[in-house]
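Below is one structure, written out as structure tokens, with a few remarks after it.
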Amino acid sequence: MTFLAVGLTGTKLGCAEGGCGACTVMLSKYQPHLRRVLHHSVNGCLAPLCSLHHCAVTTVEGIGSVAGKLHPVQERIAKSHGSQCGFCTPGIVMSMYSLLRNNPTPRMADIEEAFQGNLCRCTGYRPILEGYKTFTKERTCCGGKGKENGCCMTSERTSVFPAPLYNPADFLPLDPTQEIIFPPELMVDTLTHISTHGGLTQTHTLYPSLSLCQSSQQLRFRGERVLWLQPASLDQLLELKTQYPNAKMVVGNTEVGIEMKFKNLLYPVILAPAYIPELNAIQHTDEGIVFGASCSLTLLGDVLKEAVGKLPSYQTEVFTSIQEQLRWFAGLQIRNVAAVGGNIMTASPISDLNPVFMAAGCKLTLMSKGGGERVVVMDEKFFPGYRRTILTPEEVLLCVLIPYTKKGQYFAAYKQSPRREDDISIVTSGMSVTFAEGSTVVKHLALSYGGMAATTVMAKNTASRLLGKQWGEELLQDACSSLAEEMTLHPSAPGGMVTYRRTLTLSLFYKFYLTVQQKLASEGVRADYISATEIYHQTSPSSVQIFQAVPDGQKEEDVVGRPMMHLSAMKQATGEAVYCDDIPLYENELYLCLITSTKAHARIQSIDTSEAESMPGVVTCVFAKDIPGSNMTGPIIYDETVLAVDTVTCVGHIIGAVVADTQAHAQRAAKAVKITYQELQPVIITIQDAITHQSFFQPVRTIQRGDLDQGFTQADHILEGEMHMGGQEHFYLETNVTVAIPRGEDGEMELFVSTQSATKTQSLVAKALGVPASRVVIRVKRMGGGFGGKESRSTTLSTVVAVAAQKLKRPVRCMLDRDEDMLVTGGRHPFYGRYKVGFMKSGKVVALEVTYYNNAGNSIDLSLSIMERALFHMENSYSIANIRGRGYVCKTHLPSNTAFRGFGGPQGMLIAESWMSDVALSLGLPAEQVRRLNMYMQGERTPYSQILDHITLDRCWDQCLEISSFNQRRAGVETYNRDHRWTKRGLSVVPTKFGISFTALFLNQAGALAHIYTDGSVLLTHGGTEMGQGLHTKMVQVASRTLGIPSSKIHITETSTNTVPNTSPTAASASSDLNGAAVHNACEILLHRLEPYKTKNPKGCWEDWVNAAYFDRVNLSANGFYKTPDLGYDFETNTGRPFNYFSYGVACSEVEIDCLTGSHKNMHTSIVIDVGNSLNPALDIGQVEGGFMQGVGLYTLEELKYSPEGYLFTRGPGMYKIPAFGDIPTDLTVSLLRDAPNDKAIFSSKAIGEPPLFLAASVFFAIKDAITAARKESGLSGPFRLDSPATPERIRNTCEDRFTKLCPPAEPGTFTPWAVVV
């Protein structure tokens, strides 16, 4: 990546650990044995430059450009609206391009596999898959119902299903003959093909690495700290391993690269054996298939797949199991380079493959120069300790024999992880049983588990106990009892989830038991148990998008209401879109790295920078004393420091910074700064800690309406409950970045910043520098995602970088690494809610008392406003006569939490839906019936006294039930659940009512600036920032309609504080409303000035009128302004109008859960949402789908894990899982409500950014519905607590059964947990 960054900025750095795919490039190698070139997608962030000798690397810039010609892969993702912020787009483009270079007509399954290593935070994935589906043979819509043009349902219901969002007929055809050629000088074809006989019919020795025989000379590359040695022969390797016994052997660098980057480990000597023939050989023998240790996992899978297709099934059970594990092993970019030997030698206790190899009894051939060759069986002795093997330092792993299975032997492997695709394991297992001939008596049993100890372990006691027993119910009971005793974990075990992991050992064995039983018994297993034996097969997703076409007669050049492509989509797809860190280096530019606290609450005793300052490239260190202005900062209240002075109040508190000539030098030096602390008490980490210590920010907010006492007296039933909802990391693909350039006079400084709040950045930088705000200019071209995370917390970096630049009088740059960004910037607030609800027998809620607590972290930031919005949404969409909500903002020793899409609304509404679910469960009524009964009607008042007019909630609800075929779906779920014991389906329909406006009155304003040039072109600037949501595109549409000119004449270059001052943050979903009205105002002013010239020359054109006005000395520049009218709310009197209007929506979701593992799959979602008259249906549907999938992550997947000391464990995609391509609903329908104009926003539109996110709660409550069905099987009924997110752990633990009873949790307070619920 460092090499590519010099001039080629299209390839993006998203995580530096191979987990997001933003850095994907194509690596091409000539394969002599195949006599052709193979193309692989690889992670640029992990691929060492030294490993690319004689390879061709293709980046996104190499396949097409806007200025030249786009490649069809680039064009289709852009035109299908599959690029929003665009930061992930180059990586996705290159994953698809690599696939097409090998397979020009892929299946959808191939595309889905190709994207397993790519993440996108904006789009929700659907448009990407749909656009690229046009490359396949299955290129029909809606799951293949078969219409060539448009939606397959268009002809049936033309009034509801209009034209599609784009026309595939416009796409450039793919012509494989026109691709760039592989450099001929890299084609070396002197390799001798080797074959032997034995085993099957023939042995094939394959060499997956190129140019193996190009030279007998080893390669040596010496860097600043590392010597890279690439031997050309096995003898050379053994000699080097004798000379450097502690040297690391690297093939794919998928483990060592991460260790050096994130664990601060240094390996001075690296041996690269990727080109040694013996380590790449594959041999078929009588026992099985022997793979050289350097064979890639992709090659391993391909060879095993071929063998499975040729051999009798009884021989290939191990092969099939390995294939199944490889399906979910990392992403394709990792599998393409990771070596089978590296996977073994890493000795990870949560390895996906090592339990399989151990259970199968694989044989490993080891070799050293002095000791020769020896063969060992991979058994419980192979891993003597954490990350250790029995190899001596001089030995290398030569190859691994994967054996055939025999008749009477049955084998299976299992993996359970938080996310199915590209995720590390929680528990993995390999299981093998061999029966005495002609019987079901156990002759041999091997049970191997990963994730249950510091090493991969065998359940030896259980296996011994079951020998000689009949395979049946009695054996099952003995096995479960024995496993529960043998597979124990200390309650404080690293990784946590102790009860869940122990239960999984039993659940996975039970799956194995049923699978074997199914194969053994002529009658098989019980019909309702079969689903427990089924292997997951992904169904390619299908989708429908419904929107209202523009009215007949609307002019073609009037693009408002049309699905116009994002203006930057093409540039983003080619890598030409410029993000902050893509700006070329300035002369004398320096790089900054933060120095952060390792303690949550401590006094700084000393800071020693001597070692750091003596390191290469270091220029200076920056601390609080270097700040020329004020060290106090904060978005509203100045209760934070730019740099810590005496005390730190969270892990990740910024203490100072190191400035050096390069990023590597700065980061290395920052780690060398030594800080001593005196730890202070108390350390308050969780909400419960804050409640115990009464640690709250003031004020405590309350909203009350009606008479609570009377309401509870009136109620037939009263129910109390509680719920905790976890926080969420923004995971914008582009981390926080700032480039600061001092201008050399009058304290002027220009900053390029990835921020949603240009004005707030300007004011806080000026405050820190001690200069007027007019001396500081903030420029924002675009962001690679924001979601609220760059509204206030981006200033924590910008101020530090500005101080450093001011001190040194030189440009300074800093782009945070993913782990730094996640550590210091905070995220969505965790919430805890207690509620007491009174309701009638019918389900009508008559009284509600709810108390919210949010975890603000160590400063107030925006937490009070977030709590206020939670209270404003405490009733969600339900009319409750008597209600009181109270909100406490908890002060803790965590990094300050902040704005995140929804801004407290999703937390407040989820707890509302929790008590609504409890009411339905306690009465035994369908939840949808209780929800519909309580829903708001036109003219009713909210708890904060705002009258609801133009309410469309009932229309959204009815249409959602209709398009989801809810009644038929409910009947289908009930039938399924009767027929299946170990998998259950759930269904839920959930509404939302989201208030639109900043709750801080003064922020509801916007400005715009429009210039008309004499050639007729228009330069437009407004106060909003572009982060992928398409704001600039919508503003161009607004200006185009207002001025009556084609959108091609209008350009927006950036957002800057020297063009539009005093801007509000791009937040609260209000940016199109506010800035759109300001743009409209500016354009109206210009139109008014041009009117006399249009009247004089009615047959003239736009350019004629503009020139006439110019020569008549008319001002062709105008400022526009807008403020939202009739707003303002008083908490003291509970009067006023906090919101301009409301957005409404309803979602229906169906899920299926695995009761034994807790996994779930999203089967169906239908969404109906009111966006008024959509300004741009393509962008609005993109926001709906992207917001929904972000909500799916929030409510089912994404889990921040902190130690009891406040250390964040989840600091990258390796441990923190956002939704992937495979998490989208198999069947997804999004409908924008028709005929619902909104007279309170520009061109009758409505806000769209935040409202859809909460609709993902329909997935959460569908899961809860499925769990209810599972609990019913165990005789459990009534309300139960399910906290968010509904992870596999929570789902499994809540589906109580005989297995969970064998693994009871330890008593709280008797141990210190590995992680705490904050």
Side-chain angles (χ1 to χ4, degrees), residues 40 99 102-103 106-117 199-200 204 206 208 282-284 287-292 295-344 351-362 378 399-406 409-417 420-425 428-432 446 448 450 508 511-512 515-516 518-519 533-539 1159 1222:
H40 291 305
L99 172 64
N102 287 321
N103 182 3
R107 301 169 299 129
M108 270 308 293
D110 298 323
I111 293 177
E112 289 158 10
E113 181 185 29
F115 289 149
Q116 283 181 352
L200 280 168
H204 301 281
L206 305 180
I282 298 172
Q283 297 181 351
H284 294 257
E287 287 186 78
I289 305 178
V290 179
F291 290 87
C295 289
S296 73
L297 297 181
T298 296
L299 182 64
L300 171 70
D302 290 343
V303 172
L304 293 179
K305 181 179 179 180
E306 183 182 357
V308 168
K310 292 180 178 179
L311 295 168
S313 59
Y314 76 85
Q315 280 192 299
T316 60
E317 295 222 352
V318 172
F319 299 171
T320 304
S321 296
I322 293 174
Q323 279 185 284
E324 179 62 21
Q325 296 296 83
L326 288 175
R327 279 178 68 197
W328 313 116
F329 189 111
L332 190 60
Q333 296 96 319
I334 296 291
R335 297 198 297 273
N336 284 338
V337 297
V340 60
N343 187 262
I344 294 170
S351 165
D352 294 354
L353 293 178
N354 286 345
V356 185
F357 294 153
M358 286 178 67
C362 291
M378 199 167 165
C399 58
V400 53
L401 166 67
I402 302 176
Y404 303 126
T405 42
K406 304 174 179 63
Q409 181 182 0
Y410 300 90
F411 196 97
Y414 302 96
K415 170 183 177 176
Q416 184 57 38
S417 54
R420 187 171 278 109
E421 286 183 8
D422 187 12
D423 199 358
I424 58 174
S425 306
T428 51
S429 183
M431 303 186 186
S432 175
S448 179
L508 297 180
K511 281 178 171 279
F512 179 61
T515 301
V516 174
Q518 176 82 350
K519 294 177 180 179
T533 69
E534 293 171 351
I535 294 174
Y536 176 81
H537 292 288
Q538 192 161 319
T539 305
S1159 293

Between L353 and L297, is the side-chain contact (heavy atoms from CB on, under 4.5 Å) condition met? List the steps. CA-CA 10 Å; L353 293 178; L297 297 181; 3.9 Å; yes

Backbone N or O of [Y] within a donor-acceptor pair of the [X] side chain at under 3.5 Å?
{"X": "E421", "Y": "G1222", "value": "yes"}
{"X": "S432", "Y": "A446", "value": "no"}
{"X": "K406", "Y": "Q315", "value": "no"}

Is there a side-chain contact between [X] and [Y] in this structure, where contact means two heavy atoms from C-beta onward sitting under 4.5 Å apart?
{"X": "V356", "Y": "Q325", "result": "yes"}
{"X": "M431", "Y": "L508", "result": "yes"}
{"X": "L401", "Y": "C362", "result": "no"}
{"X": "Q323", "Y": "V308", "result": "yes"}
{"X": "N354", "Y": "M378", "result": "yes"}
{"X": "I535", "Y": "R327", "result": "yes"}
{"X": "S448", "Y": "S429", "result": "no"}
{"X": "Q116", "Y": "L332", "result": "no"}

For the atom pair [atom1] ([X]) and [atom2] ([Y]), what is the distance rounded to the nearest 0.5 Å?
{"X": "F319", "Y": "I402", "atom1": "CZ", "atom2": "CD1", "answer": "6.5 Å"}
{"X": "I334", "Y": "D422", "atom1": "CD1", "atom2": "CG", "answer": "7.5 Å"}
{"X": "I424", "Y": "S417", "atom1": "CD1", "atom2": "OG", "answer": "9.0 Å"}
{"X": "K305", "Y": "L300", "atom1": "NZ", "atom2": "CG", "answer": "13.5 Å"}
{"X": "L311", "Y": "T316", "atom1": "CG", "atom2": "OG1", "answer": "6.5 Å"}
{"X": "W328", "Y": "K415", "atom1": "CH2", "atom2": "NZ", "answer": "9.5 Å"}

Assess the side chains of [X] and [Y]: does a donor N or O sit below 3.5 Å from an acceptor N or O?
{"X": "D352", "Y": "S425", "value": "yes"}
{"X": "Q416", "Y": "S1159", "value": "yes"}
{"X": "S351", "Y": "N343", "value": "yes"}

Before you tell me yes or no, could you show the steps for Y314 and T405 under side-chain contact (heavy atoms from CB on, under 4.5 Å), namely the whole-Å CA-CA distance, both residues' side-chain angles and the distance that decides it to 0.1 Å? CA-CA 6 Å; Y314 76 85; T405 42; 5.6 Å; no

Under the side-chain contact (heavy atoms from CB on, under 4.5 Å) criterion, do I111 and L99 qualify, and how do the steps go? CA-CA 8 Å; I111 293 177; L99 172 64; 3.8 Å; yes

Please report the closest heavy-atom contact between [X] and [Y], naming both atoms and the distance.
{"X": "A412", "Y": "S321", "result": "CA-OG, 3.4 Å"}
{"X": "G292", "Y": "C399", "result": "CA-CB, 4.0 Å"}
{"X": "T428", "Y": "P355", "result": "OG1-CG, 3.3 Å"}

Identify whether the distance between the nearest side-chain nitrogen and carboxylate oxygen of D110 and R107 falls below 4.0 Å. yes

Geometric cation-pi criterion R335 and F329, 6.0 Å radius, 45° cone: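 No, R335 and F329 do not form such a contact.
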
Report the C-alpha separation of I282 and L299 in whole Å, then their side-chain angles, then the decisive distance to 0.1 Å, and conclude whether the side-chain contact (heavy atoms from CB on, under 4.5 Å) test is met. CA-CA 10 Å; I282 298 172; L299 182 64; 3.6 Å; yes

Is the distance between the ring centroids of Y410 and F512 less than 6.0 Å? no

